[in-house]
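In what follows, residues are counted from 1 in the order of the sequence shown. Just so we're clear, the structure is a prediction, and the values are computed from it rather than from any experiment. Computed over heavy atoms, backbone and side chain alike; hydrogens, waters and symmetry mates excluded.
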Amino acid sequence: MTTSLNDRAAIITGGAQGIGYATAERLLALGATVTLWDVNPAALEEAQASLAGQGKVTIAALDITDPAAVEAAAVAAEAAGHSFDILVHSAGISGPAMPMVDYPVDEWAKVLNVNLFGAFLVNQAVVRRMIARSYGRIVNIASIAGKEGNPNASAYSAAKAGLIGLTKSLGKETATLDIAVNVITPAAAKTKILEQVSQQHIDYMLAKIPRGRFVLVEEITAMIAWLVSAENSFTTGAVFDISGGRATY
């Protein structure tokens with residue numbers, strides 16, 4: 001059966017580029033309208049212009065680590081008639097690649113703040129509105145690093161492990177409603193986030209993938225498309241691997 005998202009509205013964080021942007025393309029093709037949340041106003045405007053011919057796209061520039069900014073963006077979307085059917089939380093940063101013993105405290109805090117606290121704020125603001133309607137689909141994008149722990153990426157690995165735990169908890173809290181909250185743990189994809197890490201770290205990640213290549217964003221969005229559909233009416237609080245054979249549990 002072909003997944004249809006006609007008459008559904010999605011919020012996509014980190015939507016100006018990478019997995020978030022690719023997800024917007026996929027959901028628009030399936031009939032959804034999308035609102036992109038991103039910290040980069042220029043990239044948002046470029047993404048909106050690029051996607052304009054594919055469907056209805058609105059944008060909001062905000063810092064997801066600012067509680068007031070997240071709530072204001074949700075209120076604005078609500079006022080504009082957004083129905084909060086779907087959330088795909090893709091926003092995140094990698095942080096520096098270095099041993100934990102050398103990791104700067106401020107950089108550790110920044111990675112956890114964006115990747116975990118920001119995820120909490122976004123999920124909280126959106127799920128409150130989903131609960132009011134007794135319907136919703138949330139997909140949080142973690143990483144295989146959150147399951148295995150990559151060396152020289154302790155902050156990123158810890159934050160993504162936390163996001164997995166957050167998702168499982170929220171999935172159980174909303175399980176009696178028609179709300180599905182799931183998380184995906186992809187292997188590395190060729191997106192701009194790789195520009196934040198060293199070639200040595202990139203080589204390490206590639207060497208760990210039995211498929212022998214990075215995952216394509218199109219492969220990730222194919223999985224997301226089903227998870228955010230009405231067809232996914234039972235599975236919640238689950239972790240979906242898309243790691244090319246790397247995941248062992």
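Distance check, rounded to the nearest 0.5 Å: CD of Glu71 to CD of Gln124 gives 8.5 Å. A distance of 12.5 Å separates CG of Leu112 from OG1 of Thr65, quoted to the nearest 0.5 Å. For the atom pair Lys110 NZ and Asp106 CG, the distance stands at 8.5 Å (nearest 0.5 Å). A distance of 11.0 Å separates CD1 in Ile19 from CD in Glu218, rounded to the nearest 0.5 Å. Between the CD1 atom in Ile86 and the CD1 atom in Ile11 there is a gap of 10.5 Å [rounded to 0.5 Å]. Annotation: the span from Thr174 atom OG1 to Ile179 atom CD1 amounts to 5.0 Å, rounded to 0.5 Å.
No more than 12 heavy-atom neighbours from other residues, nucleotides or ligands sit within 6.0 angstrom of CZ on Arg211. In this structure, Asp7 places its CG atom where only 12 or fewer heavy-atom neighbours from other residues, nucleotides or ligands lie under 6.0 Å away. Surrounding CD of Gln54 are more than 12 heavy atoms belonging to other residues, nucleotides or ligands, all under 6.0 Å away.
With Arg26 contributing its side chain and Ala22 its backbone, the two residues share no donor-acceptor pair below 3.5 Å. A donor-acceptor pair is defined here as one N or O able to donate and one able to accept, closer than 3.5 Å; no such pair exists between the side chain of Ser169 and the backbone of Leu166. Side-chain atoms of Asn115 come within 3.5 Å of backbone atoms of Ile93 as a donor-acceptor pair (strictly under, hydrogens ignored). Side-chain atoms of Thr13 come within 3.5 Å of backbone atoms of Ser90 as a donor-acceptor pair (strictly under, hydrogens ignored).
Both Phe117 and Val127 sit in one connected hydrophobic cluster of ILVMFWY residues. Membership requires side-chain heavy atoms under 4.5 Å apart, directly or through other members.
Between Ser229 and Leu5 there is a side-chain heavy-atom pair separated by less than 4.5 Å. At least one side-chain heavy atom of Asp241 sits less than 4.5 Å from a side-chain heavy atom of Lys147.
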Evaluate Val88 against Ile141 for side chain to side chain contact (heavy atoms under 4.5 Å, CB included), listing each step before the verdict.
CA-CA 8 Å; Val88 179; Ile141 299 177; 4.0 Å; yes
Quick one, Phe214 with Ile202, criterion side chain to side chain contact (heavy atoms under 4.5 Å, CB included). Give me CA distance, side-chain angles, the key distance, then yes/no.
CA-CA 10 Å; Phe214 291 120; Ile202 291 171; 3.6 Å; yes
Carefully, step by step, assess His89 and Val126 under the rule side chain to side chain contact (heavy atoms under 4.5 Å, CB included).
CA-CA 11 Å; His89 179 62; Val126 173; over 6 Å; no
Could you walk me through whether Arg8 and Arg137 satisfy the side chain to side chain contact (heavy atoms under 4.5 Å, CB included) test, starting with their C-alpha distance in whole Å, then the side-chain angles of each, then the deciding distance to 0.1 Å, before giving a yes or no?
CA-CA 10 Å; Arg8 297 296 187 190; Arg137 299 288 184 269; over 6 Å; no
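Judged by distance alone, the side chains of Asp178 and Ser134 never bring a donor and an acceptor atom under 3.5 Å apart.
With Ile220 as reference, Val215 is the one residue of Val215, Thr23, Val139 to meet the side-chain contact (heavy atoms from CB on, under 4.5 Å) rule. Under the side-chain contact (heavy atoms from CB on, under 4.5 Å) test applied with Met130, the options Leu87, Leu177, Asn123 reduce to a single match, Leu87.
The shortest heavy-atom contact between Ser83 and Ala9 is OG-CB, 3.5 Å.
In this structure, Arg128 is not positioned above the aromatic face of Phe84 in the sense of NZ or CZ being under 6.0 Å from the six-membered ring centre and within 45° of the axis.
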